[in-house]
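Source: prediction; values computed, not measured. Quick note on labels: first sequence line is chain A, next is B, and so on, each numbered from 1.
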Amino acid sequence: MHWADVAAQALAHKSDTHVVSTGITPSGEFHIGHLREILTGDMIARAAKDAGLSVDFVFIIDSADPLRKVYDFLGPEYEQFVGHQLGAIPAPKSDGNPDWERFQNEGWTYANHFLEPFLKALEEIGVRPRLIDNLESYRSGRFAELSKIACDRADDIREAIERISSRELPDGWFPWSPLNSRGGLDKVRVTGYEFPLVHWEDEYGESGSSDITKGEGKLPWRIDWPAKWAWIGVTCEAFGKDHGAAGGSYSTGREIVQLLGHEPPHPLVYEWISLKGQGAMSSSAGNTIGPIEALRLVPPEILRLLVAKSKPNKAIEFDTGMGLVTLADEFERLAARDFQHELTNEELSRRQKVQIEDAAGAMKMATVVSGQKAEATAVTFRHLALLAQTKKNDSDVWTSLQASGALEEITPQLQDRLTRMRYWIQSEHFPNEMRIDILTEPNTTILETLDEVERRILNSLMMTLKTCEWNASAIGASIPQSAKDLDESPRSAFKVAYAAMMGTEKGPRLAPILAEMDREEILRLLEACVQVIEK
RNA sequence: GGGCCUGUAGCUCAGUCAGGUAGAGCGUCGGACUUUUAAUCCGAUGGUCGCGGGUUCGAACCCCGUCAGGCCCGCCA
């Protein structure tokens with residue numbers, strides 16, 4: 001059974017209606033690590049719906065969280081906002097400094113700025129959660145009742161956190177962080193509490209009172225999370241492994257939520273996604289790839305497959321080079337299979353059966369539209385990469401595919417793939433071993449491996465190419481002809497041609513590539529090859 | 001110090017919850033295709049299941065220990 005179905009089954013045992021929740025703090029650019037958070041939730045929700053449960057899938061935008069520090073991508077003017085809530089401060093302009101104008105005129109915040117492209121990516125990838133803005137929820141009083149319980153039971157909560165996380169909370173700790181005189185959550189001390197007011201003093205010498213029913217502050221993270229479970233009625237949440245450790249925020253949260261009068265949600269811990277060869281995704285380290293960037297390279301269903309096929313507790317290495325080719329080709333193979341039919345085979349071992357079911361489950365989760373069957377495009381990534389490099393116009397690509405019988409009609413899906421492929425080829429991510437490179441200098445090493453016959457073919461090849469018409473079909477005929485003239489197998493002509501022009505033993509179909517190149521350059525290269533051999 | 005996760009074929013991983021002959025894909029190698037889609041098809045190759053004990057008729061799987069990597073126990077999501 002697919003991992004999402006396993007989770008759905010666990011939910012089904014508890015109740016018929018569920019709220020599956022996800023949440024992200026919009027503190028900087030979103031990256032594909034965040035995509036795992038939301039896709040994991042989406043897949044559980046989808047599996048639960050398929051199992052006949054009624055499911056509400058929510059995405060909580062943690063806009064009430066404070067800005068931690070002036071990140072590298074921010075200008076020095078952000079110093080004044082450290083400790084201020086992300087949904088209450090202006091967005092950075094391209095120079096990194098605050099965009100006051102949009103903030104004042106449109107209420108465009110820091111949180112909006114980073115969230116917007118992520119929401120676009122979600123739409124493209126087929127994830128449509130109900131959005132909940134955390135700061136807005138505080139301000140409109142939806143946390144009021146729970147905040148009151150938390151403040152009333154400050155001692156119990158304090159005890160729970162100290163016991164479970166085995167750390168001591170400072171004197172004067174209180175389960176409510178009031179906003180200080182400058183609108184930040186830092187540098188402030190609680191001096192008293194009488195519902196609904198929390199009294200405070202800050203380091204600027206000011207004092208005041210924070211109304212917990214009006215969002216004049218927030219619950220600290222370890223209480224904020226369970227409070228959200230309680231007011232939204234969350235029954236299932238997937239979260240990163242950082243929260244999952246013993247003593248971490250889930251273990252304190254599951255106890256605190258009971259103090260708040262609600263049962264803890266079904267947990268599912270997931271591992272990080274890292275960029276191959278660059279370690280964990282981290283906004284501050286600058287080694288991120290955003291969901292938007294990823295989607296320009298990879299079709300959404302393939303990105304979904306990456307998450308769907310990996311069990312949540314497995315770390316994913318996102319490889320934008322050869323790994324992407326392998327992944328995309330795996331998608332094609334899986335899409336072409338008929339799992340239902342395969343499962344009718346009586347002789348399958350339990351192990352083989354599980355493997356087929358998991359593959360089927362992963363593909364079900366990979367489709368952008370739930371319930372739709374994934375369609376094989378009949379063109380592998382490898383092949384498309386080749387065509388995209390040799391044909392400058394899209395129409396030539398389609399002509400070639402249709403001529404070879406690989407393809408009948410050009411679907412929008414295929415056009416879309418080609419567009420992404422062209423973008424990928426231009427990007428730094430495209431792997432060198434996939435790049436088609438015609439040599440400019442002879443590759444001496446490989447030329448030395450050619451035997452006597454093959455050397456004669458090289459001469460013959462040069463003569464033929466000198467005189468033939470310079471188009472793909474004429475060149476295509478000339479290469480084998482150069483061997484036939486010497487009563488040799490056409491095959492050996494290709495071997496020679498690859499050795500001379502690409503320095504490899506085999507390669508892509510040469511004729512269309514040569515046709516796009518300058519004949520004189522090719523002839524010069526062949527000439528140089530002949531000279532190397534004759535030495 | 002305490003805890004969680006991971007370790008199985010060259011690579012990516014399934015299989016561990018319910019112990020019963022070590023699995024898949026990729027790769028590699030060989031063959032077929034008398035113009036090659038680095039294509040396709042066919043075949044082969046491949047593992048002391050991190051290591052050491054224990055329980056059992058039987059252990060990748062359960063138990064104990066141990067090694068290696070990652071993460072958490074900082075109002076950090």
Side-chain angles (χ1 to χ4, degrees), chain A residues 6 23-28 33-34 37 62 65-66 68-69 83 161 164-170 173-177 185-186 218-225 239-252 269-272 274 279-280 283 309-317 319 322-323 325-327 329-330 333-334 349-359 362 379-380 382-387 390 400-401 403-406 433-434 436 473 475-484 488-491 493-495 497-498 502 504-512:
Chain A
V6 173
I24 301 174
T25 304
S27 56
H34 293 122
E37 159 86 17
D62 285 321
D65 291 343
R68 286 280 136 225
K69 61 173 198 172
I161 293 178
I164 299 166
S165 71
S166 64
R167 69 173 220 259
E168 258 178 65
L169 294 172
W173 179 90
F174 195 73
W176 179 262
S177 304
L185 294 161
D186 290 342
K218 77 183 281 278
L219 296 164
W221 161 248
R222 278 182 188 261
I223 304 157
D224 176 78
W225 201 20
F239 46 86
K241 60 173 176 178
D242 46 348
H243 297 297
S249 45
Y250 181 76
S251 50
T252 50
V269 178
Y270 63 82
E271 254 282 356
W272 302 130
S274 60
S283 303
K309 74 168 194 150
S310 313
K311 300 215 297 191
N313 64 2
K314 288 283 182 182
I316 294 178
E317 268 204 1
D319 178 359
M322 280 312 287
V325 180
T326 312
L327 179 67
D329 286 348
E330 183 179 2
R333 272 197 314 277
L334 290 171
S349 67
R350 181 178 124 193
R351 185 171 294 178
Q352 288 169 313
K353 218 169 207 163
V354 167
Q355 222 146 30
I356 294 170
E357 284 170 357
D358 281 353
V379 184
T380 64
R382 275 199 152 76
H383 190 188
L384 196 60
L386 173 78
L387 292 171
T390 54
S400 161
L401 283 167
S404 66
E433 63 181 286
M434 292 283 290
I436 296 172
S473 65
I475 297 170
S478 300
I479 297 172
Q481 192 58 43
S482 64
K484 285 183 191 163
E488 296 298 332
S489 142
R491 195 172 206 170
F494 283 97
K495 185 182 171 194
Y498 286 117
M502 298 188 74
T504 56
E505 283 188 21
K506 49 183 181 175
R509 187 188 276 239
L510 266 175

Sub-4.5 Å side-chain heavy-atom contact between A:Lys241 and A:Asn313: no

Side chain to side chain, A:Phe174 and A:Pro220, heavy atoms closer than 4.5 Å: no

Whole-angstrom distance between B:G20 and B:U40, as gauged at atom P: 36 Å

Distance flag, aromatic centroids of A:Phe239 and A:Tyr270, threshold under 6.0 Å: no

Nearest-angstrom distance, P atom, B:C57 to B:G52: 23 Å

Under 4.0 Å protein heavy-atom contacts per nucleotide of nucleotides 13-23 of chain B, with B for base, S for backbone only and - for none: SBSS-----SB

NZ/NE/NH1/NH2 to OD/OE distance under 4.0 Å, A:Glu271 and A:Lys314: no

Distance, P atom - from B:A24 to B:C33, rounded to whole angstrom: 28 Å

A:Glu330 vs A:Lys309, salt bridge (Lys or Arg N to Asp or Glu O under 4.0 Å): CA-CA, chis, key distance, verdict: CA-CA 11 Å; A:Glu330 183 179 2; A:Lys309 74 168 194 150; 3.2 Å; yes

A:Glu271 CD to B:U6 C1', straight-line distance once rounded to whole Å: 7 Å

Identified pairing partner of B:U66, criterion: Watson-Crick or G-U wobble below 3.5 Å: B:G50

Shortest non-hydrogen separation from A:Leu185 to A:Ser177 and the atoms involved: CD2-O, 3.4 Å

Distance-minimising heavy-atom pair for A:Gly244 and A:Val269: CA-CG2, 4.1 Å

Nearest-Å distance for atom pair OH/C1', residues A:Tyr270 and B:U6: 18 Å

Gap between atoms CG and C1', on A:Leu334 and B:A24 respectively (whole Å): 11 Å

Closest to side chain of A:Arg222, choosing from B:C26, B:A38, B:C73: B:C73

Listed nucleotide nearest any side-chain atom of A:Leu386, set B:U36, B:A38, B:C73: B:A38

A:Asp62 side chain, from C-beta outward: closest of B:C71, B:U35, B:A77: B:A77

Nucleotide opposite B:U40 in a Watson-Crick or G-U pair, distances under 3.5 Å: B:A32

Closest nucleotide among B:A38, B:A77, B:G70 to the A:Lys241 side chain: B:G70

Sugar-phosphate, base or nothing in reach of A:Gly244, heavy atoms under 4.0 Å: nothing

B:G1: pairing nucleotide in any strand, Watson-Crick or G-U under 3.5 angstrom: B:C73

Sugar-phosphate only, base, or nothing, as touched by A:Tyr498 at under 4.0 Å among non-hydrogen atoms: base

Atom-to-atom span, CZ of A:Arg333 to C1' of B:G27 - whole angstrom: 12 Å

Gap in Å between the two C1' atoms, one belonging to B:G47 and one to B:G27, rounded: 16 Å

d(CG, A:Leu387; P, B:U36) in whole Å: 16 Å

Residue pair A:Ala493 / A:Ser482: nearest heavy atoms and the distance that separates them: CB-OG, 3.9 Å

Separation between the C1' atoms of B:G30 and B:U35, rounded to whole Å: 23 Å

Touch class at under 4.0 angstrom, heavy-atom based, for A:Asp65 against every strand present: sugar-phosphate

Nearest-nucleotide 5' precedence on RNA chain B, A:Glu330 against A:Leu219: A:Glu330

Distance in angstrom units between A:Tyr250 OH and B:G3 P, rounded: 20 Å

Euclidean distance, atom CD1 of residue A:Ile479 to atom P of B:U36 [Å, nearest integer]: 11 Å

Distance-only donor-acceptor check, side chains A:Arg222 and A:Ser249, under 3.5 Å: no

Contact nearer the 5' end of RNA chain B, comparing A:Asp186 with A:Ser165: A:Ser165

Same-atom distance (C1') from B:A22 to B:A68, integer angstrom: 24 Å

Integer-rounded Å distance: B:U36 C1' and A:Ile475 CD1: 15 Å

P-based separation of B:G25 from B:G70 [nearest Å]: 33 Å

Rounded P spacing from B:G7 to B:U12 in Å: 12 Å

